[in-house]
Amino acid sequence: MNYRAVKGMNDILPDEMVRWHHLEREFRVVAERHGYGEVRTPIIESTALFTRSIGEATDIVEKEMYSFERHGEALTVRPEGTASAVRAYVEHHIHQKEPVTRWYYLGPMFRGERPARGRYRQFHQLGCELFGDAGSVCDAEMIDMLHGLFMRLGISDLEIVINSLGGADTRPRYRQIIVDHLEPRKARLSEDSIRRLSSNPLRILDSKDERDIAALEGLPSIIEVLTQDDREHFDRLCSQLDRLGTPYRVDPTLVRGLDYYTRTLFELRSQAGQVGAQNALGGGGRYDNLVQQMGGPSTPAIGFALGVERILLAMDVAELASPPLVVIAPIGPQAASEALLMARELRDHGICVELDGRGGASTSLKAMLRRANARGARVCLVLGQEELESQKVQLKDLAARSQVLVAREELMHRLLDVLQQPMMTGGAA
RNA sequence: GUGGCCGUAGCUCAGCCCGGUAGAGCACUGGAUUGUGGCUCCAGUCGUCGCGGGUUCAAAUCCCGUCGGUCACCCCA
């Protein structure tokens with residue numbers, strides 16, 4: 001093989017695309033039902049947009065971005081969607097047009113990580129952003145919307161984890177508390193966490209290392225050090241979720257990889273279809289300072305992103321119904337030409353038709369029928385020399401194993417009749 | 001980025017330890033059925049054994065490197 005897809009980037013072939021479309025369709029339905037409208041932003045943005053919004057010291061910015069220079073411009077293929085949405089929101093002065101804005105998006109993102117199951121260098125996200133409302137109602141509604149979406153997708157073991165990072169001042173303050181707490185116990189930390197103590201102390205909270213867990217003993221949780229306003233926001237969110245009956249678990253150690261989050265933070269997890277620790281299907285949170293930070297007016301906001309590939313792993317979709325298919329099997333070149341005409345006529349009536357053009361050459365009827373059966377076709381129309389001469393066509397119900405000879409002018413009527421019948425299990429009688 | 005495991009037919013894999021002419025099932029094609037599919041039976045097609053180098057009379061098999069996948073770590077969707 002001379003050429004292959006770039007490492008960590010995948011082709012999605014039609015067989016698999018059925019599941020993708022199902023997921024995307026469900027997402028769109030749910031998002032639109034909640035008042036969100038689709039936004040599409042460029043896949044390439046200025047590098048600075050990401051470094052400023054995501055944070056200079058994050059893993060994404062430090063080592064995972066696909067950045068390049070072109071005509072003197074520093075550009076990056078987007079590693080996530082929020083930065084672009086915020087940029088577009090600010091650039092088009094959306095805040096002057098409406099007080100509250102709800103956008104959704106879907107598309108590919110790029111991060112140069114080492115690929116593994118459910119983690120790729122080109123991966124796809126579904127996301128929502130809500131601008132202009134600071135209330136905890138938004139948080140509750142968004143989390144409930146996600147819960148509803150996952151229920152529709154049949155992901156039953158969904159776990160919703162929430163936390164609050166407080167306002168802009170809380171994080172540095174808590175960070176200091178962690179450092180003060182751990183510095184005297186530094187010697188007992190894991191190697192990774194000793195390094196993190198100076199680079200990203202908050203990350204130590206989700207360490208699974210026994211030594212770190214022991215060293216963290218006695219540290220107040222971030223929720224305990226929230227300001228009163230932040231605390232009230234979080235408490236309101238919890239009671240609103242309780243009222244909705246939306247299940248969630250508070251985990252004060254939940255920290256996410258992006259710098260712009262404030263207050264509410266959430267993550268969605270499932271064990272289904274997963275191997276090992278890679279169980280996060282998506283997550284999000286508030287970013288009340290980001291819009292202003294990116295040069296816009298002070299605008300509270302909240303959003304989330306879901307990993308399509310991961311949801312697809314967790315989603316157990318039995319059999320997705322597809323529209324009934326009709327295969328036309330012509331025998332001989334003359335019949336093939338006639339079949340071409342017939343196929344168009346059927347399609348004009350909204351029927352999905354696959355014309356087996358091989359029948360125009362030397363392929364046997366048997367081969368075409370076998371193929372029609374393998375494709376899961378509902379009906380096969382056989383058009384041979386005899387039918388051509390008598391202006392008729394064999395209408396074969398593949399499921400019922402029955403066949404009738406119908407006149408051309410009756411075909412549409414009879415065909416629609418068969419297609420409307422529920423699929424009968426053949427051979428039961 | 002670090003470490004483990006894997007890479008053989010279109011797909012799933014056996015063969016590798018112990019070097020000696022590359023296999024199975026599924027799929028595909030044809031036949032049993034001159035124009036009738038799901039089951040059955042018969043036959044057939046399909047391979048740079050991931051790639052490159054080394055050892056050897058001889059390498060899918062042993063050694064080194066490399067690429068890809070996967071798992072753990074890291075991190076995250």
Side-chain angles (χ1 to χ4, degrees), chain A residues 1-2 4-10 13 15 54 58-64 78-82 106-127 190-193 195-196 199-200 203 206-209 254-258 267-270 274-284 304-314 327 329-332 335 356 358-359 362-388 394-403 405 425-427:
Chain A
M1 246 171 288
N2 288 320
R4 30 190 334 167
V6 172
K7 177 180 178 138
M9 311 210 176
N10 304 109
L13 302 176
D15 275 353
I54 298 168
T58 56
D59 272 33
I60 294 178
V61 168
E62 272 184 358
K63 51 191 189 194
E64 295 173 359
R78 67 181 183 195
E80 59 106 43
T82 300
L106 75 195
M109 308 291 164
F110 302 82
R111 293 183 200 172
E113 297 177 279
R114 179 142 177 183
R117 183 178 166 86
R119 155 194 284 192
Y120 305 101
R121 292 185 170 177
Q122 174 175 340
F123 61 104
H124 298 76
Q125 288 191 328
L126 311 170
S190 68
E191 299 72 30
D192 280 335
S193 290
R195 177 177 53 77
R196 290 187 188 118
S199 64
N200 194 357
R203 275 271 150 220
D206 24 57
S207 169
K208 287 139 215 148
D209 194 297
L254 176 64
V255 180
R256 308 194 82 251
L258 310 167
E267 191 166 289
L268 301 126
R269 299 172 184 162
S270 164
Q274 301 291 330
V275 182
Q278 205 133 263
N279 59 1
L281 301 182
F304 68 80
L306 308 176
V308 173
E309 286 84 352
R310 291 190 183 178
I311 293 174
L312 256 20
L313 283 175
V327 168
I331 303 163
D356 198 335
R358 299 177 304 166
S362 56
T363 301
S364 68
L365 174 61
K366 179 191 190 130
M368 290 190 285
L369 280 168
R370 197 166 28 223
R371 172 76 190 147
N373 193 58
R375 284 283 283 118
R378 183 77 177 79
V379 164
C380 183
L381 300 175
V382 180
L383 189 64
Q385 199 56 40
E386 290 170 32
E387 289 80 11
L388 219 49
Q394 296 283 2
L395 191 165
K396 197 168 180 60
D397 184 329
L398 290 168
R401 305 215 62 172
S402 63
Q403 175 174 320
L405 184 65
T425 44

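Only heavy atoms go into these numbers, but all of them, side chains included; no hydrogens, no water, no symmetry mates. Here is how names work: the chains are called A, B, and so on, in the same order as the sequence lines, proteins then strands, and each is numbered from 1. Note that the structure is predicted; figures quoted are calculated from it, not measured.
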- Query: Starting at the 5' end of RNA chain B and moving along, which residue's nearest nucleotide shows up first, A:Pro115 or A:Gly283?
  - Reply: A:Pro115

- Quick one: on RNA chain B, does A:Gly282 or A:Arg371 contact a more 5' nucleotide (nearest heavy atom)? A:Arg371

- Query: Do you know which two heavy atoms are closest between A:Ala329 and A:Cys380, and how far apart they sit?
  - Reply: CB-SG, 3.9 Å

- Between A:Arg121 (CZ) and B:rA77 (P), how many Å, whole number? 18 Å

- Exam field: side chain A:Arg310 to backbone A:Ala280, donor-acceptor pair closer than 3.5 Å: yes

- Message: Measuring only the P atom in each nucleotide, how far is B:rG23 from B:rG31? A whole number of Å is fine.
- Response: 27 Å

- Message: Within the 4.0 Å heavy-atom criterion, would you say A:Glu309 contacts the bases, only the backbone, or no part of the nucleic acid?
- Response: nothing

- Report yes if a donor N or O on one partner sits less than 3.5 Å from an acceptor N or O on the other, where the partners are the side chain of A:Glu387 and the base of B:rG35; otherwise report no. yes

- Which value, in whole Å, describes the distance between the P atoms of nucleotides B:rC26 and B:rC71? 30 Å

- For A:Glu267, report the nucleic acid contact type (base, sugar-phosphate, nothing); a contact means any heavy atom under 4.0 Å. nothing

- Task: Respond yes when some side-chain nitrogen or oxygen of A:Tyr120 is under 4.0 Å from OP1 or OP2 of B:rU70, and no when none is.
- Result: yes

- Taking the P atom of each, how far is B:rG53 from B:rG19, in whole Å? 24 Å

- Query: Nearest heavy-atom pair of A:Met9 and A:Ala5: which atoms, and what distance?
  - Reply: O-CB, 3.4 Å

- Task: Rounded to whole angstrom, note down the P distance from B:rA59 over to B:rG4.
- Result: 28 Å

- Should B:rA59 form a Watson-Crick or G-U wobble pair with both distances under 3.5 Å, which nucleotide is its partner? none

- Message: Please report the distance, rounded to the nearest Å, between CD1 in A:Ile54 and P in B:rA77.
- Response: 10 Å

- Query: For A:Asp15 and B:rC11, what is the distance between atoms CG and C1' respectively, to the nearest whole Å?
  - Reply: 12 Å

- Query: What does A:Ala367 touch in the nucleic acid at a heavy-atom separation under 4.0 angstrom: a base, only the sugar-phosphate, or nothing?
  - Reply: sugar-phosphate

- Heavy-atom donor-acceptor pair, A:Lys366 side-chain to B:rU36 base, under 3.5 Å: no

- Message: Does A:Gly8 reach a base, just sugar-phosphate, or nothing at all? Heavy atoms under 4.0 Å.
- Response: sugar-phosphate

- A:Arg78 side chain to A:Phe110 backbone, donor-acceptor under 3.5 Å: no

- Could you give the CD-to-P distance, from A:Glu113 to B:rU70, as a whole number of Å? 13 Å

- Query: Out of B:rU36, B:rG35, B:rG30, which nucleotide sits closest to the side chain of A:Gln385?
  - Reply: B:rG35

- Message: Measure CG/A:Leu369 against P/B:rU36 and give the value in whole Å, please.
- Response: 9 Å

- Task: Taking atom C1' in both B:rC42 and B:rG50, compute the distance separating them and give it to the nearest angstrom.
- Result: 36 Å

- Item | P spacing across the pair B:rU21 / B:rA60, given as an integer number of angstrom | 10 Å

- Residues forming a side chain to side chain contact (heavy atoms under 4.5 Å, CB included) with A:Lys63, sequence neighbours excluded: A:Asp59

Please list each protein N or O that sits under 3.5 Å from an N or O in nucleotides 5-9 of chain B, with the distance.
none

- Task: May I ask you to say what A:Glu80 touches in the nucleic acid, namely base, sugar-phosphate or nothing, with a heavy-atom cut-off under 4.0 Å?
- Result: nothing

- Interatomic distance where CE belongs to A:Met368 and P belongs to B:rU36 [whole Å]: 11 Å

- Message: Contact between A:Asp397 and A:Arg378 at the side-chain level, heavy atoms closer than 4.5 Å - yes or no?
- Response: yes

- Quote, to the nearest angstrom, the C1' distance that separates B:rU48 from B:rG3. 31 Å

- Query: Can you find a pair of side-chain heavy atoms, one from A:Glu309 and one from A:Asn10, that are under 4.5 Å apart?
  - Reply: no

- Message: What's A:Arg111 touching, base or sugar-phosphate or nothing? Going by heavy atoms closer than 4.0 Å.
- Response: base

- Which one, B:rG30, B:rG35, B:rA77, comes nearest to the side chain of A:Gln394? B:rG35

- Item | Nucleotide B:rG35, atom P - distance to CG of A:Leu405 in whole Å | 17 Å

- Message: Check the phosphate of B:rU70 against A:Arg114, side-chain N and O only, distance under 4.0 Å to OP1 or OP2. Yes or no?
- Response: no

- Using a cut-off of less than 4.0 Å, is there contact between a side-chain N or O of A:Lys7 and OP1 or OP2 of B:rG68? yes

- Task: Working to the nearest 0.5 Å, report the span between CZ of A:Arg269 and CG of A:Leu254.
- Result: 6.0 Å

- Query: Is there a Watson-Crick or G-U wobble partner for B:rC28 with both distances under 3.5 Å, and if so, which one is it?
  - Reply: B:rG44

- Item | side-chain hydrogen bond (donor to acceptor under 3.5 Å, both in side chains) partners for A:Gln403, two or more places apart | A:Gln394, A:Lys396

- Item | Rounded distance in Å - CG (A:Asn279) to P (B:rA72) | 11 Å

- Base, sugar-phosphate, or nothing: which does A:Val382 touch, judged by heavy atoms less than 4.0 Å apart? base

- Message: At 4.0 Å (heavy atoms only), tell me whether A:Lys396 reaches a base, stays on the sugar-phosphate, or touches nothing.
- Response: base

- Message: Using atom P in both nucleotides, what's the gap between B:rA24 and B:rU45 to the nearest angstrom?
- Response: 12 Å

- Are any of the side-chain heavy atoms of A:Val6 and A:Arg121 separated by less than 4.5 Å? no

